[in-house]
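To start, the structure under review is shown below, and the notes come after it.
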Number of protein chains: 2
Amino acid sequence: MTTVRIAGVGLTPFGAHGDRAGRELFAAAALAAFEDAGVDRDAVDQLNYGNFMGALAEHQGHQAPLMAEAAGLSCPATRYEEACASAGVAVREAVRSIRSGEADVILAGGMERMTTLDTGQATAALAIAADELYEVRAGVTFPSAYALMARAYFDRFGGEREDLAHIAVKNHANALENEYAQYQKEISVDQALDSPPVASPLHLYDACPITDGASAILLVSEEYAEEHGVEAPVSITGSGQGGDNLALQDRQQMAQTPATEIAAEEAYADAEITAQDVDFAEVHDCFTIAEVLAIEGLGLFEPGEGISAAREGQTTPDGETPINLSGGLKAKGHPVGATGGSQIAEITRLLRGDHPNSDAVDDATVGVSHNAGGTVASAVVHVLEVDQ
Amino acid sequence: MTTVRIAGVGLTPFGAHGDRAGRELFAAAALAAFEDAGVDRDAVDQLNYGNFMGALAEHQGHQAPLMAEAAGLSCPATRYEEACASAGVAVREAVRSIRSGEADVILAGGMERMTTLDTGQATAALAIAADELYEVRAGVTFPSAYALMARAYFDRFGGEREDLAHIAVKNHANALENEYAQYQKEISVDQALDSPPVASPLHLYDACPITDGASAILLVSEEYAEEHGVEAPVSITGSGQGGDNLALQDRQQMAQTPATEIAAEEAYADAEITAQDVDFAEVHDCFTIAEVLAIEGLGLFEPGEGISAAREGQTTPDGETPINLSGGLKAKGHPVGATGGSQIAEITRLLRGDHPNSDAVDDATVGVSHNAGGTVASAVVHVLEVDQ
């Protein structure tokens, strides 16, 4: 079985790009990936593309062939939709296709265009990732769902709003030098605590923003890289996917995320590592509490110990396990269908040493990405390793 | 590389099921597939699920974990969206995953719920499979797009409305005994010709209906079937996928469908057959002209010769190459995200001898499915063979 190498990565800046069609955004990310890789478009065997709300935000389904055309590709193209984990599954299936020998070169990634919707429309569009019959009709939105999860966590393990505020502060600080981040702006714990409530205990600075953006990752087999002299020091060595019941009410409890645990277990076994080998991670912090659930689900912290990690400095750039050095969804932004690819791109740059925050992980060899859908009814985990 | 066996197939009746949620429809199809297969749900490694317009028709995205729950599965689940070829790509990726050894048992299929929309809403929802910026805003709907393709075909190769009417008549006749068909009703050439115009030269009886329904296919590796004594005489021996520019205006011409040609070439090579070995096929006749384009793209007829095939009896049950013995999309119905799985289910039953039209293909060993997205910007072809 071949090793899957990351030949190149491309991103658009994350933010408000209401003047650019989705196809323009993805084409820009793809162009950047091809330039980074030095691989020709003609070599691409397939496009694996993630998008979540295109039917609502752009009245555009069937985006895979459209994005192939925009990226200058003439290969088969497939769209994957797994809510906020759409690009995660697109990358995962790309890894499997290359390993199986079905493909040598795959462009994987995603795009989302959201800022053309107003906040109410965007909240309603995002809510289609929850259970329409049993959650949404009862008034559930994602801020309120994650608020329930935060309350359940506090009840079970303890913790307080200030712990969550430290996560927001850390992720904003991490994004300061990241030219792709939506917010390159420092915030303080007091600012986070004083921000307007959204769904108690979550306030505005506990939530990621509404974002437009695209990501593209060019994956190649080791044999292709060797044969064509492609410099690709970072590999995807492990991939895992987990699922759970869609509605919160159908879960055993709300203070842990089994889908993440399943995905992590599979990915670590696949890469032949354990959680102890993980040097840093990009995790799905759509809300601050989600970062806590993620780092515990990934086995980086024991249940109940993730809540104080940012406050105690364990997940800051100087800490033992830096989390969301990109700024995370919180500060870098969250163009839903692109996020899973963006995480892989950020880890690749961190491991290659060409990321503004690479210094924080200069001895690191193992980075992990964690991309989640809905209230973690889906989770995809990838292990990335750099040649030493 | 293992052979991919079809252990069981399940369908809901196609038609109007406005009183049943999408999850109920898919659960019913899954139940039927498990009963057909005699395989336990716990054996399933993953769910590959196709759906097209759930965000618009049910305000429900992130359907894969929802459908896994409805089907009683506790495995990872992924949604594939490729417009009307959504289930086709879901099956294709399942074939690749089993062949790679990543999975032994996969449930693949799809669901669409459309009849809760009125005709105008459904036409608008279907139109998101075309190019929003350059086709839909200019007034293109799918009836009008296929009307353009029919005109281009007539201009290039000849043919007339009556040739198309023979296709509708044949497919309605084929559906007469199919208990899953939306229309079990014979029509005449005169009725087809006299039906109201939709987009000239296409009239009402040239178009498939708006349909609710679900399909589920249980795929297993040959080793799994042998080890567990699963009777599975039909295999998927070839898979292919092709793409094209999304908008008609971006194509070289409109009277042929290169995406189908690419998919067929790949699938035939994969199965080590040629078009001459194909005994019968289920093809994507969303409009009568689409059947003509499909059987030519599949290499079953030379360009320009598909148009008269139904009239001359070559594609009827008694003909050399029966096409759409299920009734096709035209008479069986077209619940978009389910169709690609339904075609596989129909071919499986035809090859196993437990289909009402099995007599028409009692010596057959090779059946082919052709599932297309949009105006054939995507196409997926599978080759099915039965043990002799």
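Predicted model only: the values in this text are computed from it and were never measured. Hydrogens, waters and symmetry mates play no part in the numbers below; they use all other heavy atoms, side chains included. By convention in this document, chain letters (A, B, ...) are assigned in the order of the sequence lines, proteins followed by strands, and residues within each chain are numbered from 1.
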Close side-chain approach of [X] and [Y], heavy atoms under 4.5 Å:
X	Y	value
B/Q241	A/Q46	no
A/V95	B/E102	no
B/E93	A/Y80	yes

Trace of the side-chain contact (heavy atoms from CB on, under 4.5 Å) decision for B/R96 with A/S97
CA-CA 7 Å; B/R96 298 172 83 165; A/S97 291; 4.1 Å; yes
Heavy-atom pairs under 4.5 Å with chain B, option from [options] with the top count:
options	answer
A/D131, A/V380, A/V89, A/L73	A/D131
A/A83, A/G243, A/S100	A/A83
A/T78, A/N51, A/D250, A/L47	A/T78

Between [atom1] of [X] and [atom2] of [Y], what distance do you get to the nearest 0.5 Å?
X	Y	atom1	atom2	value
B/S378	A/L66	OG	CG	10.5 Å
B/Y49	A/E82	OH	CD	12.0 Å
A/L246	B/M67	CG	CE	9.5 Å
A/S74	B/I262	OG	CD1	8.0 Å

Check each atom of [X] against the heavy atoms of chain B and say whether the ones under 4.5 Å are side chain, backbone, both or neither.
X	result
A/A130	backbone
A/D244	backbone
A/A68	neither

Within residues 132-142 of chain A, contacts to chain B at heavy-atom distances under 4.5 Å involve A/E132, A/L133, A/Y134
Taking a cut-off of under 4.5 angstrom between non-hydrogen atoms, the residues of residues 54-65 of chain A near chain B are A/A55, A/L56, A/E58, A/H59, A/Q60, A/G61, A/H62, A/Q63, A/A64, A/P65
For B/E265, look at atom CD and say whether over 12 heavy atoms of other residues, nucleotides or ligands are found less than 6.0 Å away.
no
If one checks every heavy atom of B/R92 against chain A at 4.5 Å, the contacting part turns out to be neither
